[in-house]
Enquirer: 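After the structure tokens below, expect a handful of questions from me.
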Number of protein chains: 4
Amino acid sequence: MAKRTGEKYDAIIDAAVRVIAEYGYHNAQVSRIAREARVADGTIYLYFKNKDDVLISLFSEKMGSFITEMEEKLREIESPADQLYTLIRLHFEKLEEDRQLATVTQIELRQSNPEVRRGIGEILKRYLDIIDRIIESGMEKGLFRPNLDIRVCRKMIFGSLDEMVTSWIMNDYKYSLLDQVEEIHRLFISGMGK
Amino acid sequence: MAKRTGEKYDAIIDAAVRVIAEYGYHNAQVSRIAREARVADGTIYLYFKNKDDVLISLFSEKMGSFITEMEEKLREIESPADQLYTLIRLHFEKLEEDRQLATVTQIELRQSNPEVRRGIGEILKRYLDIIDRIIESGMEKGLFRPNLDIRVCRKMIFGSLDEMVTSWIMNDYKYSLLDQVEEIHRLFISGMGK
Amino acid sequence: MAKRTGEKYDAIIDAAVRVIAEYGYHNAQVSRIAREARVADGTIYLYFKNKDDVLISLFSEKMGSFITEMEEKLREIESPADQLYTLIRLHFEKLEEDRQLATVTQIELRQSNPEVRRGIGEILKRYLDIIDRIIESGMEKGLFRPNLDIRVCRKMIFGSLDEMVTSWIMNDYKYSLLDQVEEIHRLFISGMGK
Amino acid sequence: MAKRTGEKYDAIIDAAVRVIAEYGYHNAQVSRIAREARVADGTIYLYFKNKDDVLISLFSEKMGSFITEMEEKLREIESPADQLYTLIRLHFEKLEEDRQLATVTQIELRQSNPEVRRGIGEILKRYLDIIDRIIESGMEKGLFRPNLDIRVCRKMIFGSLDEMVTSWIMNDYKYSLLDQVEEIHRLFISGMGK
DNA sequence: CATGAATGAGCGTTCATTCAT
DNA sequence: CATGAATGAACGCTCATTCAT
């Protein structure tokens, strides 16, 4: 069972994003997602193992393409400082241009059960790896202190960006995330620098 | 209704922490909390408005005393740099010495419904204020750059610490949070410094 | 247990009437009645066997004194026709002058459980007996048809009056019950007459 | 939601009648009705909005078809006196031939909450209208006094019939309602007549 | 006599998942 | 492949009653 592609597969995931964004995680019933996707309830189970699988897949699909895009963009940049800048900027840009997705991934999906959260954590590892590589590269090139604890820095960077976005959503998108890129970048560069 | 003090009030809150820590948020039924507190189901409703109120009160009680303790400790410290150090150390110390509470506040309660999350956010504001005051003080004393965006820095600090703790829990407390205090402190001090 | 007299006994019954009238049968909790009577919850159980007993006693006390009053008044009247007139008039008068009691006995207490309803029925028998005696007397005196089925007439009279009052309450006391006495009396007199 | 027809719709309503008749209003839990209808608990909510809706629908369905039948029968009758006779006879006939339904509508459903009672009242209006029309017709044709208060007479007729049936049930169907039709009819005809 | 804190049984409703068509 | 009617387990909360003080 559970073919993981096709027109309806995408329709269901997109419907899930819309429904969760509009009604909140706790009101995102399978039947509502099905209706929004113009599909029968049972059809969802032809494409996904269960509801958790829809949510994890949602995160995986959206985040996956984002991470891939991020990797491509960073590959074209030499300087770790510029890479970090781009990472922050893309992170904010992406979420700022799709508020629905931002709400869903930052707020709603965090209310999900342990199974889903574990799935999400798994996917985020790829993103953390990207951050790791930037830091490593900065250390190798002498831009950052040589004795930085990469795992600590990685968490600080991710935690900072994550909190920035969450806060921005909770404050009703009142300001622009992109305006904060410079400040954050500067703090990390001089914070990790020699 | 709803006396908010007394022996049973505390017993219920402590039982809630234990039950949630052991069985997870989604298996923390009112009746299970009651049983753990050696109290009848109905008794919970003599002390709390509803289940949400138990959870918010839990957070409020535990976080409240932590924040008060933090404020007292910081009042004895002059230097903003030392204050930041102490804040980080206490934050980690507190959660490291009570893993159950750490799990509940960092992992489980985040799965809660919007009402509870709102209550939690409200309580956290006091903590964010403390961070704000340290940054302001550092700017006034010429330790930090004068044009720092306080709100950005505050979120970065909180987001970093939060992610550190969450990560530590998700990795089964494998390492000591306190070992990371220096690194984090150094990064923020030089990151925000002139 | 359960002394059936005293200051508090009356206070509880009167409180019950007020609470039921104001909040409705389904919101007339024992604790609310106790509070209204300025008495502890447990005290109610010193005067009544249980909640049902309060309700039945309420009906019994109120209806009892009404029936006694009715009997006294009727004793002074000779003519069965006049007696019937007085019965109808007193029935309406009594309920019209105490709307709270009217609501409670006509509307709210009818939602009660079988036990209470049985108790109420028991008390009403005395009232039905009064009606019976009027009819009998009318037959004996040649005012009514000699072959009237007393039990049928009794039910028709009681049912008519009861429906009149219920309807009056449901229509927010918009009109006066006493205005209808003539019509009802005339119908029954000529209906039962030769 | 809530398809208001179909095989299961009928099954649930009929099950509700049986369960309420057998166990009483206060023991007619949704799950018991579901079991009796050989249907899952949740299925009830595919056909009804909630439990109240089941009860109101029950009354509506049963009473509705009764009222329709009544209207048809009366349409074939010219004389208001005969119409009244038929109304009384059908009223009793119907309830006498289905004791379960009689118990449920006369005794049990009257214990229901205000919402259900309101629904029932609404449905009964159609029945009261029928009585009105008979009286009006009788007045027009000179059979009844021209100055009758229709609303008073309507309530007396309905109240009388209602009380007759309730009494019959409370006395364990010991006698036949149909035996009383003549007496009641005679009383009203001569009571309202010139 | 009086109190009122504590008890715990009981129930309407939701919703992820299945499966006959 | 697709449907959507049907399932049934699960749970927060209320409130009449008790009993230690």
Side-chain angles (χ1 to χ4, degrees), chain A residues 1 3 6-8 26-35 37-55 113, chain B residues 1 3 6-9 26-35 37-54 113, chain C residues 1 3 6-8 26-35 37-55 113, chain D residues 1 3 6-9 26-35 37-54 113:
Chain A
M1 96 195 93
K3 40 170 305 201
E7 200 175 286
K8 304 211 170 175
H26 288 283
N27 289 309
Q29 295 87 344
V30 170
S31 63
R32 195 169 241 166
I33 294 172
R35 200 183 322 131
R38 297 176 184 288
V39 138
D41 292 19
T43 302
I44 289 187
Y45 292 85
L46 297 175
Y47 290 87
F48 300 89
K49 191 150 59 67
N50 50 33
K51 187 184 180 183
D52 283 356
D53 188 29
V54 175
L55 303 179
N113 62 48
Chain B
M1 100 200 82
K3 325 176 12 187
E7 197 178 290
K8 306 221 165 172
Y9 177 82
H26 289 284
N27 288 309
Q29 296 88 343
V30 170
S31 63
R32 194 169 245 167
I33 294 172
R35 201 182 321 132
R38 297 177 182 287
V39 140
D41 291 20
T43 302
I44 290 187
Y45 294 88
L46 295 177
Y47 292 88
F48 300 90
K49 194 150 55 65
N50 50 33
K51 187 184 177 182
D52 281 358
D53 189 29
V54 175
N113 62 50
Chain C
M1 96 195 91
K3 42 171 303 198
E7 199 176 287
K8 302 210 171 177
H26 288 285
N27 289 309
Q29 296 86 347
V30 170
S31 63
R32 193 168 244 166
I33 294 171
R35 201 183 321 131
R38 297 180 184 286
V39 138
D41 292 19
T43 302
I44 289 186
Y45 292 85
L46 296 175
Y47 292 87
F48 300 90
K49 192 150 58 69
N50 50 33
K51 187 184 178 183
D52 282 356
D53 188 29
V54 175
L55 304 180
N113 60 51
Chain D
M1 97 201 86
K3 325 174 16 186
E7 196 178 291
K8 306 221 164 173
Y9 176 83
H26 290 284
N27 289 308
Q29 296 88 343
V30 170
S31 62
R32 195 168 244 167
I33 294 172
R35 201 180 322 129
R38 298 181 183 285
V39 139
D41 291 19
T43 301
I44 289 187
Y45 294 87
L46 294 177
Y47 291 88
F48 301 89
K49 194 150 58 66
N50 50 33
K51 187 183 177 182
D52 282 357
D53 189 28
V54 175
N113 63 49

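Computed over heavy atoms, backbone and side chain alike; hydrogens, waters and symmetry mates excluded. So that the names make sense, note that chain A is the first sequence line, chain B the second, and so on, each numbered from 1.
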Enquirer: Walk me through whether B/Tyr47 and B/Asp53 qualify under side-chain contact (heavy atoms from CB on, under 4.5 Å).
Expert: CA-CA 9 Å; B/Tyr47 292 88; B/Asp53 189 29; over 6 Å; no
Enquirer: Strictly distance-based, threshold 3.5 Å: is any side-chain N or O of C/Lys49 a donor or acceptor partner for the main-chain N or O of C/Val54?
Expert: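 Checked: no pair found.
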Enquirer: I need the CD1-P distance between A/Ile44 and E/dC15, as an integer number of Å.
Expert: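 Interatomic distance, CD1 of A/Ile44 to P of E/dC15: 14 Å.
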Enquirer: Kindly compute the distance separating NZ (A/Lys8) from CD1 (A/Ile44), expressed to the nearest 0.5 Å.
Expert: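 The NZ atom of A/Lys8 sits 11.5 Å away from the CD1 atom of A/Ile44.
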Enquirer: Only pairs with both distances under 3.5 Å count, Watson-Crick or wobble alike; so what is the partner of F/dC11 in this structure?
Expert: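 Because both required distances fall under 3.5 Å, F/dC11 counts as paired with E/dG12.
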Enquirer: E/dT18 pairs with which nucleotide, Watson-Crick or G-U wobble, both distances below 3.5 Å?
Expert: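 In the structure as shown, E/dT18 has F/dA5 as its Watson-Crick or wobble partner.
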Enquirer: Give a yes or no answer on whether the side chain of B/Lys51 reaches the backbone of B/Ala28 with a donor-acceptor pair at less than 3.5 Å.
Expert: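 Checking the backbone N and O of B/Ala28 against the side chain of B/Lys51, a donor-acceptor pair under 3.5 Å is found.
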Enquirer: Of C/Lys8 and B/Thr43, whose closest DNA chain E nucleotide lies nearer the 5' terminus?
Expert: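 The residue closer to the strand's 5' end, by nearest nucleotide, is C/Lys8.
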Enquirer: Angle between ring planes, D/Tyr9 versus D/Phe48, binned at 30° and 60°: parallel, tilted or perpendicular?
Expert: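 D/Tyr9 and D/Phe48: parallel rings.
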Enquirer: State the OG1-CZ distance between C/Thr43 and C/Arg38, to the nearest 0.5 angstrom.
Expert: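 So the gap between those two atoms works out to 14.0 Å.
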Enquirer: Starting at CG of B/Asp41, measure out to CZ of B/Arg32 and round the result to the nearest 0.5 Å.
Expert: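 One gets 12.5 Å once the value is rounded to the nearest 0.5 Å.
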Enquirer: If you measure from the P atom in F/dT21 to the same atom in E/dC1, how many Å do you get, rounded?
Expert: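 Result for the P pair: 23 Å, nearest Å.
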Enquirer: Using a cutoff of under 3.5 Å, can you pull out all pairs of nitrogen or oxygen atoms linking the protein to nucleotides 9-12 of chain E, with atom names and distances?
Expert:
{"from": "E/dC11", "atom 1": "OP1", "to": "D/Gln29", "atom 2": "NE2", "distance (Å)": "2.4"}
{"from": "E/dC11", "atom 1": "OP2", "to": "D/Gln29", "atom 2": "NE2", "distance (Å)": "3.4"}
{"from": "E/dG12", "atom 1": "OP1", "to": "D/Lys51", "atom 2": "NZ", "distance (Å)": "2.8"}
{"from": "E/dG12", "atom 1": "OP2", "to": "D/Val30", "atom 2": "N", "distance (Å)": "3.0"}

Enquirer: Using the heavy-atom set of chain C and a strict 4.0 Å cut-off, write down the first and last nucleotide of DNA chain F that makes it in, 5' to 3'.
Expert: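 Contacts span F/dC15 to F/dT18, reading 5' to 3'.
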